K.L.:
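Quick one: this structure, given as structure tokens, is what I'll be asking you about.
All heavy atoms count here, side chains included; hydrogens, waters and symmetry mates do not. For reference, positions follow the sequence shown, starting with 1. Bear in mind that the values here come from a model prediction, so they are computed numbers and not experimental data.
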Amino acid sequence: MECKICWTPYDPATGDDFRQVLPGTPFTQLPEDWHCPNCDAPKAQFIVQSDPGAPALLEQQRVDAQVAALVADFREIWHSKMRDVPLVNKALSIEAVGFHSHAGRGLGVLVSPWFMNLVLLPAEGEDWSELIPGAKEDVHFASGTYEFIHNRREMVGGYKACSLYATMGDFQTQMQAVDLARAVMIELFKEENRAETDRAAEIRATRTAELAAVEAAEAAQAEAEAAAKDRAEAMAQPTRRRLISAGLASEPEDVAE
């Protein structure tokens with residue numbers, strides 16, 4: 001409990017030496033005349049600061065345990081398999097950012113030296129051990145619909161991940177990557193971002209068309225350059241008649257070499 005006048009806390013684990021309240025004494029068992037040891041406010045002026053038995057806190061503790069397993073799993077991958085891979089960013093490390101319970105499931109961002117993923121963890125009593133790695137699923141948030149890929153790991157079990165960054169070379173520091181991950185967790189729940197997200201298919205189609213146009217232009221240019229090269233090579237090879245006449249004689253078009 002915490003005094004809402006001066007913000008002095010009462011911790012049952014420590015009690016109150018001033019009033020000789022023994023450690024382990026719950027707030028509800030304090031004497032009726034007990035007052036704040038700092039400002040003398042009565043018990044009625046105290047509010048709940050934290051409650052170890054509160055459902056929300058218990059749920060967060062459950063998610064934290066899942067996240068600890070997730071982080072341990074990927075740290076093992078980092079040390080055993082990925083550390084010497086050329087594409088990893090060695091300025092970064094494995095870190096879980098912003099994980100909390102969303103609709104009963106753990107949700108947050110996992111930062112690593114080789115990827116940044118939005119990760120969804122199973123709810124209490126939910127068995128994701130049979131997830132097929134590589135299977136895809138659309139998950140809906142306030143900002144739009146996102147594609148998650150199913151996966152399984154030895155320590156954490158089944159989980160679902162949405163790729164935010166497939167490579168991490170652009171990040172200079174861990175703080176930079178973590179700040180972006182925190183921003184993702186804020187923007188994910190903003191409805192004003194929905195229009196941009198819902199246009200993802202349109203944007204991809206436009207980009208595909210642009211790439212196709214570029215490829216067609218490059219192919220046409222390559223073909224034109226090849227034809228010009230062939231003509232140049234043909235002009236660079238003199239005929240016997242041109243050699244004999246020092247290039248002064250003209251050749252009938254129907255004369256074959």
K.L.:
Quick one: CG on Leu70 to CZ on Phe99, what's the gap to the nearest 0.5 Å?
P.N.:
5.5 Å
K.L.:
For Gln60 and His100, work out which heavy atoms get closest and say how close.
P.N.:
OE1-CA, 3.6 Å
K.L.:
Side-chain donor-acceptor pair under 3.5 Å between Glu76 and Ser80, yes or no?
P.N.:
yes
K.L.:
Please name the residue in the list Asn151, Asn117, Asp73 that meets the side-chain hydrogen bond (donor to acceptor under 3.5 Å, both in side chains) test with Tyr159.
P.N.:
Asn151
K.L.:
Under a single-linkage definition using a 4.5 Å side-chain heavy-atom cutoff for Ile, Leu, Val, Met, Phe, Trp and Tyr, are Phe115 and Leu188 assigned to the same hydrophobic cluster?
P.N.:
no
K.L.:
Taking all non-hydrogen atoms of both residues into account, name the closest pair between Leu120 and Trp128 and its distance.
P.N.:
O-CZ3, 3.3 Å
K.L.:
Between Val85 and Ile94, is there shared hydrophobic-cluster membership here, with clusters defined by ILVMFWY side-chain heavy atoms closer than 4.5 Å?
P.N.:
yes
K.L.:
First locate atom CZ of Arg75, then atom OG of Ser93, and finally report the distance between them rounded to the nearest 0.5 Å.
P.N.:
7.0 Å
K.L.:
Are Leu121 and Val156 packed together at the side-chain level, in the sense that at least one heavy-atom pair is separated by less than 4.5 angstrom?
P.N.:
yes
K.L.:
Looking at Tyr10 versus Phe46, is the centre-to-centre ring distance below 6.0 Å?
P.N.:
no
K.L.:
How far does OG1 of Thr173 sit from CG of Asn89, to the nearest 0.5 angstrom?
P.N.:
9.5 Å
K.L.:
Under a 4.5 Å side-chain heavy-atom rule over Ile, Leu, Val, Met, Phe, Trp and Tyr, are Met168 and Leu180 clustered together?
P.N.:
yes
K.L.:
With under 30° as parallel and over 60° as perpendicular, where do the rings of Trp114 and Phe74 fit, or are they tilted in between?
P.N.:
tilted
K.L.:
With a 4.5 Å heavy-atom cut-off, do Pro122 and Gln66 have their side chains touching?
P.N.:
yes
K.L.:
Are any non-hydrogen side-chain atoms of Val178 and Met116 less than 4.5 angstrom apart?
P.N.:
no
K.L.:
Just so I know, are the side chains of Leu118 and Phe148 near enough to count as touching, which here means a heavy-atom distance under 4.5 Å?
P.N.:
yes
K.L.:
Provide the closest heavy-atom pair for Asp33 versus His35 in the form atom of the first, atom of the second, distance.
P.N.:
O-ND1, 2.6 Å
K.L.:
Who are the salt bridge (charged side-chain N to carboxylate O under 4.0 Å, His left out) partners of Glu137, not counting sequence neighbours?
P.N.:
Lys160
K.L.:
Indicate whether the side chain of His79 and that of Arg83 have a donor and an acceptor atom separated by less than 3.5 Å.
P.N.:
yes
K.L.:
Applying side-chain contact (heavy atoms from CB on, under 4.5 Å), run through Gln176 and Asp170 and close with a yes or a no.
P.N.:
CA-CA 10 Å; Gln176 185 183 21; Asp170 292 337; over 6 Å; no
K.L.:
Please give me the minimum heavy-atom distance between Leu92 and Ser112, naming the atom from each residue.
P.N.:
CD1-O, 3.8 Å
K.L.:
Nearest 0.5 angstrom please: Asp40 CG to Cys3 SG, how far?
P.N.:
10.0 Å
K.L.:
Is there a path of hydrophobic side-chain contacts, each under 4.5 Å between heavy atoms, that joins Tyr146 and Val119?
P.N.:
no
K.L.:
Where the side chain of Glu147 meets the backbone of Lys136, is there a donor-acceptor pair that is under 3.5 Å apart?
P.N.:
no
K.L.:
Using side-chain heavy atoms (C-beta onward) and a distance below 4.5 Å, is Pro31 in contact with Arg19?
P.N.:
yes
K.L.:
Working to the nearest 0.5 Å, report the span between CE of Met1 and CD1 of Ile47.
P.N.:
7.5 Å
K.L.:
Please report the interatomic distance CG(Asp11) to CD(Glu2), rounded to the nearest 0.5 Å.
P.N.:
11.5 Å
K.L.:
Please find the pair of heavy atoms, one from Lys43 and one from Leu30, that lie closest to each other, and give the distance.
P.N.:
NZ-O, 3.2 Å
K.L.:
With a 6.0 Å cut-off (strictly less than), is the heavy-atom count around CG of Asp17, excluding the residue itself, greater than 12?
P.N.:
no
K.L.:
Could you list the residues that satisfy salt bridge (charged side-chain N to carboxylate O under 4.0 Å, His left out) with Glu126, not counting sequence neighbours?
P.N.:
Arg105
K.L.:
Considering residues at least two apart in sequence or located in another chain, which fulfil the ring pair (Phe, Tyr, Trp, His ring centres under 6.0 Å) criterion with His150?
P.N.:
none
K.L.:
May I ask whether Trp78 and Val109 are part of the same hydrophobic cluster, defined by side-chain heavy atoms of I, L, V, M, F, W, Y residues being less than 4.5 angstrom apart, directly or through others?
P.N.:
no
K.L.:
With a 4.5 Å heavy-atom cut-off, do Phe189 and His102 have their side chains touching?
P.N.:
yes
K.L.:
Give the minimum heavy-atom separation between Pro133 and Arg152, together with the two atoms involved.
P.N.:
CD-NH1, 3.6 Å
K.L.:
Between Met185 and Leu107, is there a side-chain heavy-atom distance shorter than 4.5 Å?
P.N.:
yes
